[in-house]
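Along the sequence shown, the residues carry numbers beginning at 1.
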Amino acid sequence: MAGGIVVVGAQWGDEGKGKIVDVFSAHADMVVRYQGGANAGHTLVVDGVKTVLHLVPSGILHAETLCVIAAGVVIDVAGVAEEIRKLKANGYLKNPRQLLISDAATVILPYHKALDAAREKSLAEDKIGTTGKGIGPAYEDRASRRAIVFADLFDPSTLKAKLELNLIEKNALLEKVYNAPAFKAADLMKDLAALADELAPYRSRDVSVIVHKSLKAGKKVLFEGAQGTLLDLLHGTYPFVTSSSTVAGSACIGTGIGPTNIEKVIGIMKAYTTRVGSGPFPTELKDDTGSRLQRLGHEFGSTTGRPRRCGWLDLVAMKYAIRINGITNLALLKLDVLSGFEKIGVCTGYKIGGETVHEFPSNPTELDKVEPIFEYLPGWKEDLTKINNFKDLPRTATNYIDFVGNQLGTPVDVVSLGPGREQTLWVKPLFT
């Protein structure tokens, strides 16, 4: 029985998981998306053509790779239908059975998005910084045992009963609390009926069994998450987090397999740090250097277009991510963005109230009081984007990679030097 490999974001998301999963998928039989929703934006560049995916697993650009959306995902059915149309228009997904959607996945509906937007608006300066995609309200319905699941789309009587029940509460909130328009069950039923017809070819009644059988047969299975470790609902910088568990253990829960099925956990990290939305960010650079990182790294959200806050690499946060995910190997992305900096900062510790600490605070509010301790390494001037062999990297760049790997005590097995598939250097193969 083969072990699966989990690919997890090791920072605040936007690390480039989509590109790495796309590259890894050339060697995989199956890619499973296990949590999150359409707030994830994975940008893939193949032969100069950009594809942005939000719900469909990043392995979909490889025709022989089976892609699965598991029960732990919340699905914007209109959004996934639009993604499928675009993929087919671009020559992908010729076989509908290349994509399977779990019957047990929660469906995001228009009222979830309306509530999400209304709540953010009401918070004004204290807003969380959600993408407004309805993720949180949909997960709330799952926790309160009133979610509409993908299977319900194909059972009109059940769907109608659930919609009518949900709208009693949702419309009351929208109209009386947020002064927003209400929804009608009949209108939603009409729209969902059309989407059900369109999505029926991708329906899968038991994703857990399919994934389990693939692993048992020795297939190479990748598990792909959304967002990053520090946005985890339980272990992130709460309350400035997403509404699901983003850590590697969620791959088992969201898919329906046991933890003994996981062989490796690949942590995806940038060579610096970024964050979208509100919340603490110890190494943030609110100066020309931060603006330069943002510009050179094209740091704008692929889902919302929002500018990302930028700062130097935070090894305290990275060590925390390695610990709570059980990360075994690292992929270092966007090393090319650091070209041209005379010196490159790396945070190796924090000062909190005069005390030096090397562990990420368990109380997220302490992060607002953190003073980062930086070490500065020599930079390099060379353009790295055309390099295709490790031996051709400048010595200062390899020194940076070695410093990061040694500080973290975890091997850096993959280095990315640009958005294209071919701009990827391998230290060690993914599958042994």
Q. Does the E120 side chain pair with the main chain of A117, one donor and one acceptor, at a distance under 3.5 Å?
A. no

Q) For the atom pair CG (L192) and CG (D197), what is the distance rounded to the nearest 0.5 Å? A) 11.0 Å

Q.
Between Y34 and V6, is there a side-chain heavy-atom distance shorter than 4.5 Å?
A. yes

(Q) Suppose we screen for ring pair (Phe, Tyr, Trp, His ring centres under 6.0 Å). Which residues come up paired with Y320, at least two apart in sequence or across chains? (A) F360

Q. Taking C-beta and beyond as the side chain, do R146 and L165 meet within less than 4.5 Å on heavy atoms?
A. yes

Just distance, no hydrogens or angles: give the donor-acceptor pairs under 3.5 Å from side chains in residues 250-259, sequence neighbours left out.
unit_1, atom_1, unit_2, atom_2, d
S250, OG, S245, O, 3.0
T255, OG1, A251, O, 2.7

Q: Under the side-chain contact (heavy atoms from CB on, under 4.5 Å) rule, what do V8 and T229 come out as? Steps first, then yes or no, please.
A: CA-CA 7 Å; V8 65; T229 297; 4.2 Å; yes

(Q) Walk me through whether Y202 and L100 qualify under side-chain contact (heavy atoms from CB on, under 4.5 Å). (A) CA-CA 5 Å; Y202 310 100; L100 304 179; over 6 Å; no

Q. Taking side chain as C-beta onward, heavy atoms only, is D155 less than 4.5 Å from S157?
A. yes

Donor-acceptor pairs under 3.5 angstrom involving side-chain atoms of residues 311-318: please list them, not counting sequence neighbours.
unit_1, atom_1, unit_2, atom_2, d
D314, OD1, V316, N, 3.0
D314, OD1, A317, N, 3.0
D314, OD1, Y350, OH, 3.2
D314, OD2, Y350, OH, 2.6

Q. How long is the span from the CD1 atom in I60 to the CG atom in D22, to the nearest 0.5 Å?
A. 11.0 Å

Q.
Under the criterion side chain to side chain donor-acceptor pair (under 3.5 Å), I'd like the reasoning laid out for Q227 against T246: C-alpha separation, chi angles, the key distance, then a yes or no.
A. CA-CA 7 Å; Q227 292 86 43; T246 61; over 6 Å; no

Q | Residue pair V265 / G326: nearest heavy atoms and the distance that separates them | A | CB-O, 3.6 Å

Q) Is any side-chain heavy atom of P137 less than 4.5 Å from a side-chain heavy atom of R119? A) yes

Q. So do the side chains of V427 and V412 get within less than 4.5 Å of each other, counting heavy atoms only?
A. no

(Q) Give me the atom names and distance for the closest heavy-atom approach of S416 to L333. (A) CB-CG, 3.6 Å

Which pairs would a plain distance check flag for residues 291-298, meaning a side-chain donor or acceptor within less than 3.5 Å of a matching protein atom at least two apart in sequence or in another chain?
unit_1, atom_1, unit_2, atom_2, d
S291, OG, D287, O, 3.3
R292, NH2, G340, O, 3.0
Q294, NE2, R308, O, 2.9

Q) Tell me, do V241 and D232 make a side-chain contact under 4.5 Å, heavy atoms counted? A) no

Q.
Going by ring pair (Phe, Tyr, Trp, His ring centres under 6.0 Å), name the residues that satisfy it together with F150, two or more places apart in sequence or in a different chain.
A. F154

Q.
Around atom CD of E64, are there more than 12 heavy atoms from other residues, nucleotides or ligands closer than 6.0 Å?
A. no

(Q) Tell me the closest heavy-atom pair linking G59 and S25, and the distance in Å. (A) CA-OG, 3.2 Å

Q: Flag the pair R203 / L199 as yes when at least one side-chain heavy-atom distance between them is below 4.5 Å, and no otherwise.
A: no

Q. Do any pairs count as a salt bridge (Lys or Arg N to Asp or Glu O under 4.0 Å) and have a residue in residues 180-190, sequence neighbours left out, and if so which ones?
A. none

(Q) When you measure from the side chain of Y272 to the backbone of G290, do you find a donor-acceptor pair of N or O atoms at a distance under 3.5 Å? (A) no

Q | Minimum-distance pair of heavy atoms, taken over all atoms of A105 and I75 | A | CB-CD1, 3.5 Å

(Q) Under 4.0 Å between a side-chain nitrogen and a carboxylate oxygen: does that hold for K113 and D76? (A) yes

Q: For L222 and V21, work out which heavy atoms get closest and say how close.
A: CD1-O, 4.2 Å

Q) Looking at CG of L159 and CG of L188, how far apart are the two atoms once the value is rounded to the nearest 0.5 Å? A) 8.5 Å

**Q.** F390 ring center within less than 6.0 Å of W426 ring center
**A.** no

Q. Got a second to check how far S214's OG is from L66's CG, nearest 0.5 Å?
A. 6.5 Å

Q.
With heavy-atom distances below 4.5 Å as the criterion, would you say the side chains of I322 and L408 are in contact?
A. yes

Q) Is a donor on one side and an acceptor on the other found under 3.5 Å between the side chain of D14 and the backbone of T274? A) no

Q: Using the side-chain hydrogen bond (donor to acceptor under 3.5 Å, both in side chains) rule, pick out the option among R275, K334, R306 that qualifies with E299.
A: K334

(Q) Under a 4.0 Å threshold between the charged nitrogen and the carboxylate oxygen, would K86 count as salt-bridged to E83? (A) no

Q: Salt-bridge test for E224 and K19: reply yes if a basic N is under 4.0 Å from a carboxylate O, no otherwise.
A: no

Q.
Check this for me: N179, atom CG, are more than 12 non-hydrogen atoms of other residues, nucleotides or ligands nearer than 6.0 Å?
A. no

Q | Test: E284 and R309 ion pair at under 4.0 Å | A | yes

Q: Could you pull out the closest heavy-atom pair between N325 and A248, with the gap in Å?
A: OD1-N, 2.8 Å

(Q) Quick one, K162 with T158, criterion side chain to side chain donor-acceptor pair (under 3.5 Å). Give me CA distance, side-chain angles, the key distance, then yes/no. (A) CA-CA 6 Å; K162 284 189 171 184; T158 298; over 6 Å; no

Q.
With a 6.0 Å cut-off (strictly less than), is the heavy-atom count around CZ of R205, excluding the residue itself, greater than 12?
A. no

